[in-house]
Amino acid sequence: MTPLRRRSLLAAPAALLPLARALAAAGPDAPEPDAPVPETPGLAAHAAARRRFYGSALYEDALAADPGLLAHVRAECGMLVGEYSFKWASLQPQPGVFRFATAETLMAFAAANRQRVRGHTLVWHEANPQWLLDRLAPATGERLLTGYIAAVAGHFRGRLVHWDVVNEPIHPEDGPPFGLRDTPWLRALGPGYLDLAFHACAAADPGALRMINEFGVDYAIDWQQRRRDKLLELLAHLLARGVPVQAVGLQAHLDAGERALNQTVLARFVADIASLGLKVVVTELDVRDDGLPADIAVRDAAVAAHARAWLDAVLANPAVLGVLSWGLSDRRSWLDQRFPRADGLPQRPLPLDASLRRKPLWSAIAAALAGAPAP
Ligand code: G3I
């Protein structure tokens, strides 16, 4: 709250004086108090009106520590995904020891609020416990991979709407066939690790939509075109081998400073995925603003316009089932660690600001959902 506004509160009617005193005592840099949950429909309602869903990643610490955020998560989200608790390092930190408690706390929160949950992620080159990396080899890889998936997907059987079975398998610069990333899984098992993972998930939880989740396929620039080409090539190859992939997650970690957003290229990419008989989910939407000036109104407007253009192109295709952002509020974003702004200001990549007020990006997502043809 700016000093001017706080001073005017001190001159407020007697009824407001307790609030005014509290704000005055809080000091010049105290964060604004959490905004109340709006009376108007949330993004989940806007999505549902067009037979889609909207949801968000939830950083699990908030479940015990941030009731203000949770109130808005309840109001805005029809689906949740754990930011960390469904990853191997969290679920099986030691061999043979499964820790489902945090993931189950998220599941209970979602169930209490009639929200669905998507699983993220079974197989990835990150968030693996060290014991796994130490043991992973050609002789052990299949048992480690299929045993883990049977245990984890089996544990959540019937309760998750999606699994990101394999996360971020593409990295053409590495050189292997189909542009596959050179990961411990590829080194231990070859490209067949994807086959094993998808078949194991289909056996353990046939009701969860099985997905490959990928980033860096958003812009009309060479290295991303190569990633789109390789992903499509991989998907066609897997399907030709009878691998039960059902959908693609577009992470959509966007950059408002990127000018090569070409709606025709995007729409064609989504159509190419759909032509393989696959569905699409926007899984981790957020919009970097570290390339933009400090002014908040300028940044918020540019972020909103950029996301709207991207979403309009993607949501035009009925194969796209819904949208999740990678967090709901600027209160916390991985982007502040990964891409810190040179001026030190926190980024503003998400639909609600750090005080839980709806931003232009919130309106852009609502408008894109409302304006898209229903699947
Ligand atoms: O919870 C543990 C804590 O117990 C431990 O003391 C601490 C010590 O390192 O680590 C904590 O876990 C951290 C976890 O986030 C929970 O906060 C991990 O170190 C940290 O690496 C992890 O980072 C997450 C990252 O994925 C790696 O799993 C980020 O929050 C999360 O935003 C990021 O999300 C990824 C998606 O999964 C895939 N797409 C890209 C996206 C952004 O990188």
Side-chain angles (χ1 to χ4, degrees), residues 55-66 69-70 73 77 79-94 97-106 109 117-133 148 152 160 162-171 181 183-185 197 210-219 224 227 231 247-255 258 280-290 307 310 323-340 346-352 354:
S56 165
L58 183 59
Y59 71 94
E60 289 83 353
D61 291 2
L63 287 163
D66 196 344
L69 174 68
L70 297 181
V73 167
C77 300
M79 188 179 295
L80 299 180
V81 57
E83 190 165 351
Y84 190 65
S85 60
F86 285 69
K87 295 172 181 174
W88 201 317
S90 179
L91 287 178
Q92 196 183 22
Q94 301 301 328
V97 176
F98 284 97
R99 290 195 182 149
F100 290 110
T102 305
E104 288 295 352
T105 303
L106 188 146
F109 174 85
V117 180
R118 67 184 313 271
H120 173 80
T121 180
L122 291 172
V123 184
W124 191 20
H125 60 280
E126 292 189 29
N128 291 307
Q130 189 54 49
W131 69 263
L132 172 64
L133 300 174
Y148 174 80
V152 168
L160 299 175
H162 313 151
W163 263 115
D164 286 337
V165 177
V166 178
N167 194 45
E168 304 174 3
I170 296 290
H171 194 257
R181 182 184 294 272
T183 72
W185 295 109
R210 295 178 294 277
M211 307 179 60
I212 284 181
N213 190 42
E214 195 53 271
F215 70 93
V217 291
D218 310 298
Y219 297 111
Q224 295 209 0
R227 290 173 62 80
L231 178 55
V248 173
L250 304 179
Q251 292 186 9
H253 291 300
L254 304 182
D255 180 352
E258 175 56 69
V280 175
V281 173
V282 180
T283 53
E284 304 183 14
L285 176 66
D286 51 25
V287 189
R288 286 172 60 176
D289 68 12
D290 51 300
W310 190 95
V323 178
L324 298 104
S325 50
W326 198 244
L328 183 64
S329 159
D330 297 339
R331 193 168 274 185
R332 167 196 161 100
S333 171
W334 70 288
L335 290 168
D336 284 318
Q337 283 73 47
R338 179 71 179 75
F339 301 108
Q347 294 214 32
R348 296 174 62 89
L350 293 168
L352 306 186

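Atoms considered below: every heavy atom in the structure, side chains included; atoms not considered: hydrogens, waters and symmetry mates. The first residue in the sequence is number 1, and the count goes up from there. Atoms within a ligand are numbered from 1 in the order they appear, just like the ligands themselves. Computed from a predicted model, the values in this text were never measured in an experiment.
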*asked:* Under 4.0 Å from atom 34 (O) of ligand 1, can you find at least one protein heavy atom?
replied: yes
*Does Arg338 come within less than 4.0 angstrom of ligand 1, counting non-hydrogen atoms of the residue?*
no
_Heavy atom of protein inside 4.0 Å of atom 42 (C) of ligand 1, strictly below_ = yes
*Exercise: do Trp131 and Gln94 side chains pair donor with acceptor under 3.5 Å*: no
*When you measure from the side chain of Gln347 to the backbone N and O of Asp289, does any donor-acceptor pair fall under 3.5 Å?*
yes
*Which residue supplies the protein heavy atom nearest to atom 36 (C) of ligand 1, what is that atom called, and how far is it?*
His120 NE2, 3.4 Å
*Does ligand 1 have a heavy atom under 4.0 Å from the side chain of Asn213, from its backbone, from both, or from neither?*
neither
_For Ser85 and Glu60, which I'm curious about, is there any donor-acceptor pair between the side chains at under 3.5 Å?_
yes
*asked:* Taking distance alone, with N or O pairs closer than 3.5 Å, would you say Trp124 contacts ligand 1?
replied: no
*asked:* One residue to check: Tyr59. Relative to ligand 1, which of side chain, backbone, both or neither has a non-hydrogen atom less than 4.0 Å away?
replied: neither
*Distance filter under 4.0 Å to His253 heavy atoms, resulting ligand 1 atoms*: 39 (N), 40 (C), 41 (C)
*Backbone N/O of Phe86 and side chain of Ser90: donor-acceptor pair under 3.5 Å*: no
*Short list, please: which atoms of ligand 1 are under 4.0 Å from a heavy atom of Glu168?*
38 (C), 39 (N), 40 (C)
*Which ligand 1 atoms, with their elements, are less than 4.0 angstrom from a heavy-atom of Gln251?*
39 (N), 40 (C)
_I'd like the name of whichever of Phe215, Trp334, Tyr84 reaches closest to atom 1 (O) of ligand 1 through any heavy atom._
Tyr84
*For ligand 1, which atoms sit closer than 4.0 Å to a heavy atom of Asn167?*
38 (C)
*Relative to atom 32 (O) of ligand 1, which among Glu214, Lys87, Glu284, Glu83 owns the nearest non-hydrogen atom?*
Glu83
*Examine Arg332 against ligand 1 and note whether any of their N/O atoms are separated by less than 3.5 Å.*
yes
